[in-house]
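So the structure is just underneath, and the comments pick up after that.
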Amino acid sequence: MTAFTTADILLPKLSADGMSKWSVVACDQYTGEPEYWEKTRKLVGDAPSTLDLILPEAYLEQPDCDERITKIHENMKKRINGGLFNLHKDCFILTKRVQADGRLRVGLVGAIDLEMYDYNKGSRSQVRATEATVAARIPPRVKIRMNAPLELPHIMILIDDAQNTVIEPLLEKKLQTVYDFDLMQNGGHLSGEIVDGENARGVLEALDRLAAKEAFNARYGLRDEEVLLYAMGDGNHSLATAKECYEQKKRAGSPDAELARYALVEVVNLHSPALEFEAIHRVITDVNAHDLMCSMTETLGLADSAEQMFTVVGVGGKAHEFGITKPTANLTVGSLQSFLDDYLCKNGGKIDYIHGEDVVRRLCAEGSAIGFLLPSMKKSELFPTVIKDGALPRKTFSMGHAHDKRFYCEARIIKK
């Protein structure tokens with residue numbers, strides 16, 4: 001009844017050492033650090049690896065991009081026809097990821113029905129984007145996926161299961177382990193177990209209960225709202241790309257449309273202790289800082305105290321805390337981003353998104369930048385905010401460090 005279901009999942013026939021070379025981090029990580037990917041290539045060598053089946057976004061703007069995509073498709077066919085994979089039909093994979101910090105993150109790999117997903121702001125679909133989707137980022141990714149015979153997911157989707165009814169009960173079951181190995185480059189450890197038969201039905205029944213409309217509305221203090229059950233965590237543009245490919249194939253009457261209707265993803269409980277939201281701060285350059293602050297004070301009603309608080313780090317590194325008395329969104333980041341987008345559009349200037357507070361302070365102290373330190377978003381705010389405001393502004397939050405992001409492991413056929 002819900003958008004998430006079992007899938008026919010491919011896993012390589014490799015030893016633990018072989019799996020360590022097979023599995024590489026999500027392609028949208030380390031985009032400014034090509035040396036990370038160069039080291040990955042040295043670690044992999046000529047061994048079977050997902051590195052040969054993806055295009056790291058560090059290379060997305062390279063002149064040989066089209067040649068790389070053609071080679072990826074060839075490598076996929078080679079791996080399929082070469083007998084590398086075992087097929088596990090009609091199942092989920094329970095993933096156990098021990099992060100670099102030692103904490104355990106549990107997830108469930110399966111298929112999302114793209115008919116029940118709409119990434120546009122204001123969507124009322126069961127699967128929704130949590131951050132604004134940039135349309136210009138989709139076409140380059142469509143070129144990779146449209147003719148690919150395989151998909152390999154780095155998409156992570158969140159469910160708000162405070163009572164731990166969907167995934168966590170599987171930890172008490174005796175399941176068949178299908179992989180168990182160390183991840184490269186400080187990625188931690190990953191193991192996976194098959195969830196099928198009665199255990200899979202138990203997952204689906206628990207999701208149905210979580211998706212009951214009356215219970216959903218009671219959970220968030222709403223009336224007659226459409227159910228948001230699956231909220232994007234990581235891989236927003238990858239799922240949007242899968243949606244676009246499916247829609248194109250459906251319109252064309254392609255024989256691959258039914259396979260393309262689904263996308264392999266990992267579902268994780270928002271309430272996992274290993275899952276943390278970290279703030280992404282803003283740094284503005286090439287603007288008149290005084291004029292920007294005068295305009296912000298007038299537009300947002302800045303005061304010393306209010307419900308939405310943030311810190312301004314001025315030129316030279318001086319910091320002052322402000323409150324927004326005229327908010328335009330449910331979260332501080334939403335009100336601030338809306339103002340900054342409008343101001344920069346009218347006045348010019350450049351915005352950078354920075355993960356570390358110390359980096360913001362250093363940039364402002366050393367140059368002519370003005371910085372905005374934002375509070376970390378509470379996990380409990382995610383679903384209510386997306387329900388109320390729709391997709392959040394881009395770069396609202398980050399889930400953990402790059403080395404803790406999803407590594408490729410499972411695959412699925414998406415083209416006949």
Side-chain angles (χ1 to χ4, degrees), residues 1-7 9 11 88 90-113 126-128 130 153-181 183 187-212 215-216 218-220 227-235 264-277 377-384 386 397 399-400 404-407 409-410:
M1 296 294 290
T2 80
F4 186 59
T5 189
T6 55
I9 298 174
L11 290 171
H88 301 273
D90 193 22
C91 69
F92 298 113
I93 302 289
L94 179 69
T95 63
K96 297 178 180 178
R97 173 73 177 276
V98 180
Q99 299 177 163
D101 60 10
R103 290 186 293 180
L104 175 66
R105 187 178 78 221
V106 181
L108 202 61
V109 174
I112 278 285
D113 185 350
Q126 196 180 96
V127 189
R128 300 180 204 173
T130 53
H154 74 256
I155 298 162
M156 185 187 294
I157 293 179
L158 304 174
I159 55 172
D160 188 3
D161 183 19
Q163 302 304 313
N164 298 332
T165 63
V166 177
I167 300 172
E168 288 75 9
L170 294 170
L171 297 174
E172 306 300 320
K173 306 288 185 180
K174 192 163 185 175
L175 304 172
Q176 176 194 353
T177 299
V178 283
Y179 56 76
D180 189 355
F181 62 97
L183 295 164
H189 189 89
L190 182 65
S191 62
E193 300 170 1
I194 294 289
V195 179
D196 56 9
E198 282 298 321
N199 291 322
R201 282 188 285 276
V203 168
L204 296 171
E205 289 166 2
L207 287 169
D208 283 345
R209 289 191 292 272
L210 202 61
F216 167 81
R219 196 153 61 239
Y220 300 109
V227 173
L228 165 61
L229 188 58
Y230 304 101
M232 290 303 302
D234 278 332
L264 209 58
V265 305
E266 180 178 13
V267 167
V268 174
N269 188 358
L270 175 68
H271 299 275
S272 167
L275 205 61
E276 288 187 356
F277 287 180
M377 180 180 176
K378 297 176 184 175
K379 292 197 290 187
S380 61
E381 294 176 308
L382 178 63
F383 275 70
V386 173
F397 65 93
M399 295 198 308
D404 288 326
K405 298 295 184 179
R406 194 167 205 284
F407 275 57
C409 186
E410 303 83 4

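Since we're looking at a predicted model, the values are computed, not measured.
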Original post:
Do the side chain of Ser191 and the main chain of Tyr179 share a donor and acceptor less than 3.5 angstrom apart?
Top reply: no
Original post:
Under 4.0 Å between a Lys/Arg side-chain N and an Asp/Glu carboxylate O for Glu266 and Arg97?
Top reply: no
**OP:** Please examine the side chains of Phe92 and Leu170, heavy atoms only from C-beta on, and report whether any two atoms are closer than 4.5 Å.
**Re:** no
**OP:** Over all heavy atoms of both residues, which pair between Ala111 and Thr6 is shortest? Give the atoms and the distance, please.
**Re:** CB-O, 4.1 Å
Original post:
Counting only N and O atoms by type, is there a donor-acceptor contact under 3.5 Å from the side chain of Arg105 to the main-chain atoms of Thr95?
Top reply: no
Original post:
So, are Glu198 and Arg201 salt-bridged, with charged N and O less than 4.0 Å apart?
Top reply: yes
Original post:
For the residue pair Phe181 and His189, does the interplanar ring angle fall in the parallel (under 30°), tilted (30 to 60°) or perpendicular (over 60°) class?
Top reply: tilted
Original post:
Does the side chain of Val268 come within less than 4.5 Å of Ile157's, by heavy atoms?
Top reply: no
Original post:
Okay, side chain of Lys173, backbone of Val195: is any donor-acceptor separation there less than 3.5 Å?
Top reply: no
**OP:** Quick one: do Leu210 and Phe216 satisfy side-chain contact (heavy atoms from CB on, under 4.5 Å)? Show the steps, please.
**Re:** CA-CA 7 Å; Leu210 202 61; Phe216 167 81; over 6 Å; no
Original post:
Quick one: does Arg406's side chain have a donor or acceptor within less than 3.5 Å of a partner on Asp234's backbone?
Top reply: no
Subject >> Any donor-acceptor pair under 3.5 Å from Lys379 side chain to Ser272 backbone >> reply: yes
Original post:
When you check the side-chain N and O atoms of His271 and Asp160, is any donor under 3.5 Å from an acceptor?
Top reply: yes
Subject >> Verdict with supporting geometry, Leu11 and Glu410, side-chain contact (heavy atoms from CB on, under 4.5 Å) >> reply: CA-CA 5 Å; Leu11 290 171; Glu410 303 83 4; 3.7 Å; yes
Subject >> Step-by-step side-chain contact (heavy atoms from CB on, under 4.5 Å) determination, Val178 to His88 >> reply: CA-CA 10 Å; Val178 283; His88 301 273; 3.9 Å; yes
**OP:** List the atom of Pro384, the atom of Tyr220, and the distance in Å for their closest heavy-atom pair.
**Re:** CG-CD2, 4.0 Å
**OP:** Could you pull out the closest heavy-atom pair between Phe383 and Leu229, with the gap in Å?
**Re:** CE2-O, 3.8 Å
Can you list, pair by pair, the side-chain donor-acceptor contacts under 3.5 Å of residues 162-169, counting residues two or more places apart and other chains?
from	atom 1	to	atom 2	distance (Å)
Asn164	OD1	Asn269	ND2	3.0
Thr165	OG1	Asp161	OD1	3.0
Thr165	OG1	Asp161	OD2	3.3
Glu168	OE2	Asn269	ND2	3.2

**OP:** Please lay out, stage by stage, how Lys378 and Phe397 fare under the test side-chain contact (heavy atoms from CB on, under 4.5 Å).
**Re:** CA-CA 10 Å; Lys378 297 176 184 175; Phe397 65 93; over 6 Å; no
Original post:
Pick one: which of Thr177, Leu171, Ile194, Asn199 meets side chain to side chain contact (heavy atoms under 4.5 Å, CB included) with Leu94?
Top reply: Leu171
Original post:
Shortest non-hydrogen contact from Phe4 to Leu108?
Top reply: CZ-O, 3.4 Å
Subject >> Under-4.0 Å salt bridge between Lys96 and Glu193 >> reply: yes
